[in-house]
There are 2 protein chains.
Amino acid sequence: MTTLTIGKVAERAGVGVETVRFYEREGLIDEPPRGPSGYRHYPTSVVPRLLFIKRAKELGFTLNEIKELLSLRLDPETTCADVKQRAETKIADIKEKMRSLRRMKKALVKLTESCRGRGPVDDCPILDALDPQERKR
Amino acid sequence: MTTLTIGKVAERAGVGVETVRFYEREGLIDEPPRGPSGYRHYPTSVVPRLLFIKRAKELGFTLNEIKELLSLRLDPETTCADVKQRAETKIADIKEKMRSLRRMKKALVKLTESCRGRGPVDDCPILDALDPQERKR
DNA sequence: CTTGACTCCGTAGTATGGTACAGGCCGTAC
DNA sequence: GTACGGCCTGTACCATACTACGGAGTCAAG
């Protein structure tokens with residue numbers, strides 16, 4: 001059976017060597033067997049595992065959440081519904097973040113619209129709005 | 001002239017005492033004069049300054065950006081357009097974040113829709129999609 | 001057999017925005 | 001005068017996800 005060094009694994013998965021070790025410390029990937037020199041000998045299955053982590057990260061899961069996701073499927077009690085639940089929670093998180101960003105954007109747009117973009121900073125309606133008391137004393 | 005202790009300042013601005021000291025270290029508020037005991041004696045103007053910081057944070061500015069915003073208005077060369085520019089950059093940042101979140105959400109929704117939410121985790125289309133190789137070996 | 005690339009471990013540092021002590025001094029009310 | 005809170009400094013710690021570094025051992029090619 002073929003094994004890979006940490007460098008090969010990192011290369012195939014498109015991550016850094018340090019990242020692989022970091023994921024091991026964090027419990028996201030199994031500790032691989034070692035050769036007599038202490039070198040890690042990875043089964044090739046670690047590569048798709050790393051890709052899994054990568055994709056889940058792209059979907060906005062944190063490493064802790066990904067760890068949960070990974071452990072979910074080791075538990076025979078877990079159902080598909082459990083996984084779906086995680087995904088739906090994450091969707092709700094994302095919606096909440098988007099709401100917050102929309103609020104911010106709306107406020108900022110309003111501020112920039114109120115500003116002609118000319119004149120000295122003393123008269124800037126943007127700073128005025130942020131700070132109705134402190135300036136112009 | 002009235003001065004405030006750090007506790008009073010924090011209370012009026014609705015932040016923690018440690019936060020006030022932290023902002024001082026970070027250069028967001030001036031170092032106040034000290035009494036003979038070493039106690040900080042704040043002018044009341046520090047309160048609106050803290051509120052400014054609070055509002056700017058709510059708009060999504062980082063502490064570093066807020067520091068820039070604060071220094072902008074000390075510079076007589078600064079124009080209103082400079083401030084407007086910062087706000088517009090921030091709006092662009094927010095738009096970018098929202099795009100990214102929309103992408104994530106879309107992918108997640110697609111995954112949850114593909115999942116009936118029943119059955120064992122081995123057959124979960126969500127995990128399958130994250131990881132087309134590793135499982136079911 | 002040497003050289004260079006790779007790996008090992010442990011520790012520390014990055015950015016962000018604080019929060020939490022410990023140990024000691026200060027100020028005020030009773 | 002003494003007790004209790006508030007304040008002082010400095011340091012360490014929280015989460016997040018890595019990244020860097022030093023010093024030493026190892027592997028493979030030439």
Side-chain angles (χ1 to χ4, degrees), chain A residues 2-29 31-42 46 49-70 90 93-94 97 100-101 104, chain B residues 2-29 31-42 46 49-70 90 93-94 97 100-101 104:
Chain A
T2 326
T3 60
L4 301 169
T5 62
I6 195 169
K8 294 292 174 197
V9 164
E11 191 189 338
R12 288 201 193 183
V15 301
V17 166
E18 303 290 344
T19 304
V20 178
R21 280 200 279 259
F22 175 71
Y23 287 169
E24 182 182 314
R25 278 201 299 285
E26 297 295 306
L28 287 157
I29 57 178
E31 291 186 32
R34 307 288 187 112
S37 63
Y39 280 26
R40 290 169 178 84
H41 293 315
Y42 287 100
V46 78
R49 164 70 64 108
L50 287 168
L51 294 175
F52 178 105
I53 295 168
K54 235 179 148 180
R55 286 190 203 106
K57 261 163 48 72
E58 281 163 14
L59 289 177
F61 288 94
T62 66
L63 292 189
N64 262 331
E65 288 163 344
I66 294 168
K67 204 167 144 186
E68 279 175 31
L69 236 31
L70 288 166
K90 186 47 65 180
D93 288 356
I94 290 173
K97 274 184 195 144
S100 167
L101 287 176
M104 288 179 196
Chain B
T2 325
T3 60
L4 302 169
T5 63
I6 194 168
K8 294 292 174 196
V9 164
E11 190 189 338
R12 288 201 192 183
V15 300
V17 165
E18 302 290 345
T19 304
V20 178
R21 281 199 278 258
F22 175 70
Y23 287 169
E24 182 182 316
R25 277 201 300 284
E26 296 295 306
L28 287 157
I29 57 177
E31 290 186 32
R34 307 289 186 112
S37 64
Y39 280 26
R40 289 168 178 84
H41 294 315
Y42 287 99
V46 78
R49 162 71 63 108
L50 286 168
L51 294 174
F52 178 106
I53 296 169
K54 234 179 149 180
R55 287 189 203 105
K57 260 163 51 71
E58 281 162 15
L59 290 177
F61 288 95
T62 67
L63 292 189
N64 262 333
E65 287 163 344
I66 295 168
K67 202 166 145 187
E68 278 175 32
L69 236 31
L70 287 166
K90 185 48 65 180
D93 288 356
I94 290 172
K97 274 184 194 143
S100 168
L101 287 176
M104 288 179 195

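Bear in mind that the values here come from a model prediction, so they are computed numbers and not experimental data. Below, read A as the first sequence line, B as the second, and so on, with proteins coming before strands; counting in each chain starts at 1.
Partners of B:Glu18 by salt bridge (Lys or Arg N to Asp or Glu O under 4.0 Å), not counting sequence neighbours, listed by chain and number: B:Arg21. Partners of A:Lys90 by salt bridge (Lys or Arg N to Asp or Glu O under 4.0 Å), not counting sequence neighbours, listed by chain and number: A:Glu65, A:Asp93. Listed by chain and residue number, nothing satisfies the salt bridge (Lys or Arg N to Asp or Glu O under 4.0 Å) test with B:Arg12 (two or more places apart in sequence, or in another chain). The side chain to side chain contact (heavy atoms under 4.5 Å, CB included) test applied to B:Thr19 returns B:Val15, B:Tyr23, not counting sequence neighbours. Contacts of B:Lys67 classified as side chain to side chain contact (heavy atoms under 4.5 Å, CB included), with partners at least two apart in sequence or in another chain: B:Leu28, B:Asn64. For B:Glu68, the side chain to side chain donor-acceptor pair (under 3.5 Å) partners at least two apart in sequence or on another chain are B:Arg86.
The outermost nucleotides of DNA chain D lying under 4.0 Å from heavy atoms of chain B, listed 5' to 3', are D:dG6 to D:dT9.
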Nucleotide by nucleotide, nucleotides 1-17 of chain C touches protein heavy atoms under 4.0 Å in the pattern (B base, S sugar-phosphate only, - none) -----BSSS------SB
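Between B:Ile66 and B:Ile53, the closest heavy-atom pair is CD1-O, 3.7 Å.
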